[in-house]
J.: 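Input: one structure, supplied below.
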Amino acid sequence: MKPYNSKAYHPILGRGLRYEPPRFPDMDSQYNHKTVEATAQSQWRDTNAYLAIENDPRFPKGKYYACSMLPYPSGKLHMGHVRNYTINDMLVRYKRMQGYNVLMPMGWDAFGLPAENAAMKAKVAPAAWTYKNIEVMKAQSQALGLAIDWSRELATCDPAYYKWNQWFFLKCLENGLAYRKTQIVNWDPVDQTVLANEQVVDGRGWRSGALVEKREIPGYYMNITKYAEELLDATLHMLPGWSERLRTIQENWIGKSEGVRFAFPHDIKDANGKPIQDGKMYVFTTRADTIMGVTFVAVAPEHPLAVEAIRRYPELGSKIHALKLGGTTEAELALKEKEGVPTNLFVTHPLTGKDIEVWVANYVLISYGDGAVMGVPAHDERDFAFANWYRIPIKQVIEQDPKIARWGSPSSPGVSVAPPDFDPSKWHDWYGSKALTSCVNSGVLDGLHYEQAVSKVVELLSAKGLGEKKTTYRLRDWGISRQRYWGTPIPVIHCDDCGVVPVPEKDLPVVLPEHHIPDGSGNPLNKDEAFLKCTCPKCGKPARRETDTMDTFVDSAWYYMRYASPNAETMVDARNDYWMPMDQYIGGIEHAVLHLLYARFWTKAMRDMGLLKFDEPFKRMTNHGMLLNHIFYTPGSHGSKNFIPPTEVKPTHDEKGHINGGTLADGTRVEYGGIGKMGKTERNGVDPQDLIDKYGADTARLYVMFVGGPEDPAVWSDTAVEGAMRFLRRVWTYCADRAAEIANAGAVDANALSAELKATRFELHSALKQSNFDYERQQYNTVVSASMKMLNALETVKPGAAPTLSREGASILLRTLYPVAPHITCKLWDDLGFEKTEGSLLNAKWPEPDAAALVQDEIKLVLQINGKTRGEIVVASSADKATIEAAAAAADEVAKFGEGRAPKKIIVVPGRLVNVVV
RNA sequence: GCCCGGGUGGUGAAAUUGGUAUACACAGCGGACUUAAAAUCCGCCGCCUACCUGCAUAAGGAGCGUACGGGUUCAAGUCCCGUCCCGGGCACCA
């Protein structure tokens, strides 16, 4: 075959047009992503290529389950999905070639509010809207070429799925893990529903953004706090595959606090002459060592003692109510003064017996602990500010201990000076310190350090029956009732005689009627007689069905286990024990608290019911970064912004090359709004479908992987997409130009290669080594660059010059590039005949670098003199330390830069450098 | 305020974890091919300079460079201390 020369003049085509060498067997000369992707996808479909079977004997290394957080079927995929699923896809393709039995499933988080909102807008039933969206998004996922086992697909709005939400809920009711109570809840007036604490962000609904109100409503709760300690302990010790960042978020959320709960006795009686709270005002403190410094106690405005104060002194009412104002919202809090009202009610200090006045304070929260705190102004910053304002006495009870602390100043570090004095007019951080301090002015506690003092206090209090060690958590029980239509019906029945009665297991699922179209007037189930009317399972009398539905976080708490046992006759079956725990979970960081905590809790609850045997569902967790894009807008009236999609803007740059604005096609000037998350509001999203149509799925995948590390945020770039496309075209051209020689060549004989070809082969295997390293640590951006390095090296070998090396190169390049760009590589693999000798690329053996190829006869070592790079020396790769030292000492640079001094010391870093110290 | 991350060319980023800083790309510049453009291919591309060699705004060399200031080390983007920014989490939590 005649070597291809791009500069050759073609007798028929003329200059500059591509000369077409004969193809083998009948390959297209140009990369056409549409035909390539269609061919590959239909082949995968026809062979059921991604069907996962438990204990599949083809894969000896055991299972590998990698799963992406299930998407909400909002209408279309967005680029975040593309990134998420490509990471997932690369993992399973890579693992499969290594011999693992992989599973990558997909499903739909199909219940939820957006469907109801869309329904109201478009007058379609949420069910119809949802199923339509699922269809579209499934087609898009397939167009991306994801290695999904679609036989396990599920939608959470399918009765066959949510039946098990209901079943498990009933089990939890039976054993007390779920319970019904009436509580003040967060009510979202826009979405007309109850929100969990986690769903209230800065006092607003996480989805609607509406200011949340407090309402009293009966509902169901999951007792997640029962697992608080286990969840925390596992967070700290059992999740090595989670990022520290993620673990910290969960740890903070659980919010464990160890301290002492004790009572101030009192004989304050209510209107009926009954002692309030049985004459004990409980507080919680983490600083029991400062108990002798108590000069007041403070209660929340809702506390029974505050209520009693209002009863006795009605003029306090408006002042106390005023303390509730200002809310708990964001910035106001920082500005809010510590305010309070004295009540003229007194409690008794449990250790000193002194009378202590009760204040109502705006910084005490009824929802935390007992809604009351002891006031130790000397050693708590808030109490300090409060006491200073209201001229309450401040009593110092701890000091920096000169025996254990060493104070210094910047000029004389470490030199002990006198311990700092306590100054009641100004707060210093050490007042609140637990470390390096000991008690003073505290009677029996004097001289004790924090831990000793706390133990002593507990001993004294428990002797009087007034206190004990106690651990509290920030985490609250999970309220799962939602006053919504589009969710899993809570399977209970209300009977006038029997009260709340669970639906018998045999009657599950309680099927949600799918034909309703919400109109904003509340839950349509409340008007659905056919749904409402039922008979009481206990007494058989007419009864009314519950119309609340479950929080959709229930759906997502365990779906990944249903993937593992699709169509099971039970909630999960033995197949779940095969696939779970999941080896790798992938999703956005925005679910770091809610979803991940609920899923972990659900797993533990299922474990304790004997449904599974493991403790934690997700061994490894990857949180892919957000996709960002530039934001452009034209100023509207009243400071509003008319956002312009970046695709319509030609950006302009300042003298430093940074974008500072842009122009539209008609010349209109637009403002630059910086970089932000791709979204509908800013109109800066990129539609994956457009990308797939224009460049193909492989280019889209390659781009999102190459743009940065999987966990880093990534900024969109049109030109970088073109670059990704260009690379794939070069891969195609490389193979097409060498098709025949690659198909016919044998194995590489390394000894027969010229020095130049040996160098190329060294580059190839070095890049492969790097690629394998980066695959293992899931750093896919450099996996892509390793493939580019391989191609750069291989292209230096002209067609026909070294068929065996070209064949080896193509086989390595195609295999390492395959997880990123499966379509083009599969097509080339088949076209070049690899499929005939090595089988399908899907199951091909993962390439390992040839150790011999990585050995060079001579190696270059960096030569440093006194730590500065001055040149390099070339030595035989087999050279020992002494030889290298001698060669380095003899180098010209040593004479030149060493100023004639003899080497004092020579440090040799094998294979890298040699440093001569003179 | 506390707790986690992070700060590297014009841009996205890399540096196998203490060993040649800027790999691989994008953009830009120059060239080849073309009537021309696109595409493709080749080359250049951190900063500074009357600091040195050179006619040179060519090419070398020296110097400086990973937010800033110190330190440890033969050797620091990487480790330590301090400071400043950016992102995230938590927060009148007792």
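Order of the sequence lines sets the chain letters (A, B, ...), proteins ahead of strands, with each chain counted from 1. Computed from heavy atoms alone, side chains included, the values below leave out hydrogens, waters and symmetry copies. Only a predicted model underlies this, so the values are computations on that prediction, with no experimental measurement involved.
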J.: Return whichever of A:Q250 or A:L246 has its heavy-atom-nearest nucleotide of RNA chain B closer to the 5' end.
T.: A:L246

J.: If you find the nucleotide of RNA chain B closest to A:G867 and the one closest to A:L913, which residue's nucleotide is nearer the 5' end?
T.: A:L913

J.: What is the ring orientation for A:Y363 with A:F386, classed by angle as parallel under 30°, tilted 30 to 60°, or perpendicular over 60°?
T.: perpendicular

J.: Between B:rG63, B:rU20, B:rA94, which one does the side chain of A:K868 approach most closely?
T.: B:rG63

J.: How would you label the contact of A:R870 with the nucleic acid (heavy atoms, under 4.0 Å): base, sugar-phosphate, or nothing?
T.: sugar-phosphate

J.: A:F706 has a side chain; which of B:rC74, B:rC24, B:rA94 sits nearest to it?
T.: B:rC24

J.: A:R382 has a side chain; which of B:rC24, B:rC92, B:rC4 sits nearest to it?
T.: B:rC92

J.: Does A:I249 reach a base, just sugar-phosphate, or nothing at all? Heavy atoms under 4.0 Å.
T.: sugar-phosphate

J.: When the P atoms of B:rC26 and B:rA76 are considered, how many whole Å apart are they?
T.: 34 Å

J.: Side chain of A:V917, heavy atoms from C-beta onward: which of B:rG88, B:rC74, B:rA25 has the nearest atom to it?
T.: B:rC74

J.: Closest to the A:S785 side chain: B:rG19, B:rA94, B:rC24?
T.: B:rC24

J.: Using Watson-Crick or G-U wobble geometry with both distances under 3.5 Å, which nucleotide pairs with B:rG87?
T.: B:rC4

J.: Quick one: sort the A:H349 and A:F264 rings into parallel, tilted or perpendicular, breaks at 30° and 60°.
T.: perpendicular

